[in-house]
Amino acid sequence: MSIPEYPSSCDCFVSLPPASLSPVVVFAKNSDRPQSEVQEVVYYGAATHPPGTKVMCTYVEVEQAPKTLAVLLSRPAWLWGAEMGANEMGVCIGNEAVWTKEPVEECDALLGMDLVRLALERAHSAKAAVQVIIDLLTQYGQGGSCKEDPQPFMYHNTFMMCDRLEAYVLETAGQYWVVERITEGARNLSNQLSIGTSIWQEHPQLRSHALAQGWWNGTEEFNFRVVYSLKTQPVRMEAAKVRYKAGQELLQRQEGHITAESMMQLLRNKESGICMDSGGFRTTSSMISVLPRCPHLPCIHLLTATPDPSRSVFKPFVFGSRVTQVPWVLSPTFGEDDPLRQTPRFQTQVDRRHELYKEHQRALETLEGNEV
């Protein structure tokens, strides 16, 4: 199996009491994507759908749920799903690219980013979101190019999801999956399998498949990370180990004092590579969510909608009955002329920059000109 040489990196973080300073769950993610890719921030209200309705995701159709929740999504402007987001029930989800011993198949299926959006639209809790993704993964599979480029770029996915009470990490290798439940403390993800022996749920054939492939002898303690990880990692995935360790250390230093502000500093940390701009990829959008344990207090979500959190402002959002879409973080649409909808795909390029993105670019150019 050939391993892509494309650089790709993301970092997810979650803090639960007692790691958090106050009785809140704090979720954070940097979305690291192709350098010129634009992320938009979109809001979809709750909706009811007739029986038998289908929904077109990025590449494939799936059965629509009878009801969908209101969602806030930060997503690459060319696709249907989302890199990260939240719903009106206080559920937050982010995904990460990962390569394992299971081959990545070149086929149209659900992107990990599609699974993020589908779970947010359907799940009233983080636990329910885990089951939504597992069910959809079982029924439709994961696959398809994750980059707006004629050269396919594919990977499997890991997910971090949380609500006001708890968090989960769901990691996949093809059709196989494993889940860890987190009820206290802090946890991070960085483009590698991270669940070892702390397994809360697993695919029914996870161990028998590993045994049949000769990856596990059946007598040693089963460690998902060890058994399913590639023996030789791509260079960028080796670099993810460094980022993962740096993220752990930064969380540990703040343990007991983690706030939205400290998560903001973490996402802006360039020395660790968590805030990145190299090899044609960079942090294209960032998100932080504060989820109070008290159900009467609103969840507050902060998103940049622009690249490089160290040079971006986090804008607040709260779900409510009068929420409407802000047009200046919406990218233009191209209908059937969109390169995604052409055959073959992605043979041309379009300008997906929204107004905030353009203003941010102009501000940086002015700033950099003044620094010369």
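Here F314 contributes atom CZ and E261 contributes atom CD; the two are 11.0 Å apart, rounded to the nearest 0.5 Å. The structure places OH of Y168 at 12.5 Å from CD1 of I195, a figure rounded to the nearest 0.5 Å. Taken from NZ in K245 to OG in S190, the straight-line distance is 13.5 Å, to the nearest 0.5 Å. How far CG of L356 is from CD of E359: 8.0 Å, rounded to the nearest 0.5 Å. One finds the CG atom of L267 at 11.0 Å from the CG atom of D308 (value rounded to the nearest 0.5 Å). H156 NE2 to L193 CG: the interatomic distance, rounded to the nearest 0.5 Å, is 11.0 Å.
Between the side chains of S31 and S285, not a single donor N or O lies within less than 3.5 Å of an accepting N or O. If you check the side chains of S198 and E180, you find no donor sitting under 3.5 Å from an acceptor. A side-chain donor from one of Q131 and D135 sits under 3.5 Å from a side-chain acceptor of the other. Side chains of T283 and D32: a donor on one and an acceptor on the other come within 3.5 Å. Between the side chains of Q142 and N157, at least one donor N or O lies within less than 3.5 Å of an accepting N or O.
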* **Evaluation steps, salt bridge (Lys or Arg N to Asp or Glu O under 4.0 Å), between R282 and E37** => CA-CA 9 Å; R282 68 175 171 179; E37 187 177 81; over 6 Å; no

* **Step-by-step side-chain hydrogen bond (donor to acceptor under 3.5 Å, both in side chains) determination, R187 to S194** => CA-CA 10 Å; R187 181 75 154 80; S194 64; 3.0 Å; yes

* To do: Step by step, work out the side-chain hydrogen bond (donor to acceptor under 3.5 Å, both in side chains) result for T158 and E96.
  => CA-CA 5 Å; T158 64; E96 308 249 342; 5.1 Å; no

* I would like to know whether W328 and H354 meet side chain to side chain contact (heavy atoms under 4.5 Å, CB included); could you show each step before the answer? => CA-CA 6 Å; W328 39 270; H354 48 70; over 6 Å; no

* To do: Any chance you could lay out the salt bridge (Lys or Arg N to Asp or Glu O under 4.0 Å) test for R345 and D108, step after step, and finish with the verdict?
  => CA-CA 12 Å; R345 298 182 182 117; D108 284 354; 2.9 Å; yes

* Asked: Passes side-chain hydrogen bond (donor to acceptor under 3.5 Å, both in side chains), N223 versus T197? Steps please.
  -> CA-CA 5 Å; N223 184 308; T197 59; 5.4 Å; no

* Could you go step by step and tell me if K315 and T306 meet the side chain to side chain contact (heavy atoms under 4.5 Å, CB included) rule? -> CA-CA 10 Å; K315 298 89 176 169; T306 52; 3.9 Å; yes

* Test side-chain hydrogen bond (donor to acceptor under 3.5 Å, both in side chains) applied to N269 and Q265, step by step -> CA-CA 6 Å; N269 189 295; Q265 292 173 3; over 6 Å; no

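Just one residue in the list F224, Y228, F222 forms a ring-ring contact (aromatic ring centres under 6.0 Å, His included) with W215, and that residue is Y228. Under the side chain to side chain contact (heavy atoms under 4.5 Å, CB included) rule, W177 has a single partner from V130, L206, I134, which is I134.
Judged by distance alone, the side chain of K29 and the main-chain N or O of N95 form a donor-acceptor pair under 3.5 Å. A donor-acceptor contact shorter than 3.5 Å links the side chain of R164 to the backbone of P292. N191 places no side-chain N or O within 3.5 Å of a backbone atom of V98 that could act as its donor or acceptor partner. Under the 3.5 Å distance criterion, the side-chain polar atoms of R353 are left unmatched by any main-chain donor or acceptor of S331. A distance-only check finds no donor-acceptor pair linking the side chain of S272 to the backbone of A246 [under 3.5 Å]. Between the side chain of D149 and the main chain of P152, no donor-acceptor pair closer than 3.5 Å is present. The backbone N or O of S145 sits less than 3.5 Å from a side-chain atom of Y59, completing a donor-acceptor pair. Within the 3.5 Å criterion, the main-chain N or O of G85 finds no donor-acceptor partner in the side chain of S74. Looking at T53, its side chain never comes within 3.5 Å of a backbone N or O of H49 through a donor-acceptor pair. Between the E83 side chain and the R75 main chain, no donor and acceptor come within less than 3.5 Å of each other.
Note on ring orientation: taking the six-membered ring where Trp is involved, the planes of Y176 and H203 are perpendicular (angle over 60°, cut-offs 30° and 60°).
V38 is not connected to V41 by any chain of hydrophobic side-chain contacts under 4.5 Å among Ile, Leu, Val, Met, Phe, Trp and Tyr, and they are in different clusters. A continuous path of hydrophobic side-chain contacts links F153 to L111 [ILVMFWY only; heavy atoms under 4.5 Å]. At a threshold of 4.5 Å between side-chain heavy atoms, the hydrophobic network of Ile, Leu, Val, Met, Phe, Trp and Tyr places L165 and L297 in two separate groups. At a threshold of 4.5 Å between side-chain heavy atoms, the hydrophobic network of Ile, Leu, Val, Met, Phe, Trp and Tyr places V116 and M160 in two separate groups. The cluster map of Ile, Leu, Val, Met, Phe, Trp and Tyr, joined by side-chain heavy atoms under 4.5 Å apart, puts V329 and Y44 in different clusters.
Not counting sequence neighbours, Q349 has no partner by the side-chain contact (heavy atoms from CB on, under 4.5 Å) test.
You'll find the side chain of W99 reaches within 4.5 Å of the side chain of L230, heavy atoms only.
Taking both residues in full, the closest heavy atoms of I93 and M161 are given as CG1-CB, 3.7 Å, listed atom of the first, atom of the second, then distance. Of all non-hydrogen atoms in H360 and P307, the two that sit nearest each other are CE1-O, 3.4 Å. Nearest approach of E105 to M154, heavy atoms of both residues: O-SD, 3.6 Å. Considering every non-hydrogen atom in both V24 and V26, the closest pair reads CG2-CG2, 3.8 Å. Between F317 and L72, the closest heavy-atom pair is CD2-CD2, 3.5 Å. Nearest heavy-atom pair across C92 and M287 is SG-CE, 4.4 Å.
The pair R243-D11 meets the salt-bridge criterion, since a charged nitrogen lies less than 4.0 angstrom from a carboxylate oxygen. Under the 4.0 Å criterion applied to side-chain N and carboxylate O atoms, E355 and K358 are assigned as salt-bridge partners. The residues E148 and R352 are annotated as salt-bridged, a charged nitrogen and a carboxylate oxygen being separated by less than 4.0 angstrom.
Around atom CD of Q347, more than 12 heavy atoms belonging to other residues, nucleotides or ligands sit under 6.0 Å away. Crowding of E61 atom CD: a count of heavy atoms from other residues, nucleotides or ligands under 6.0 Å exceeding 12. Residue K270 qualifies as enclosed at atom NZ: its count of foreign heavy atoms under 6.0 Å is above 12.
Sequence neighbours left out, the pairs with a member in residues 66-96 that pass ring-ring contact (aromatic ring centres under 6.0 Å, His included) are W78-F346. Within the structure, every pair that satisfies the salt bridge (charged side-chain N to carboxylate O under 4.0 Å, His left out) test and touches residues 113-128, not counting sequence neighbours, is listed here: R117-E121.
Here the two rings, on H301 and F319, have centers that are under 6.0 Å apart.
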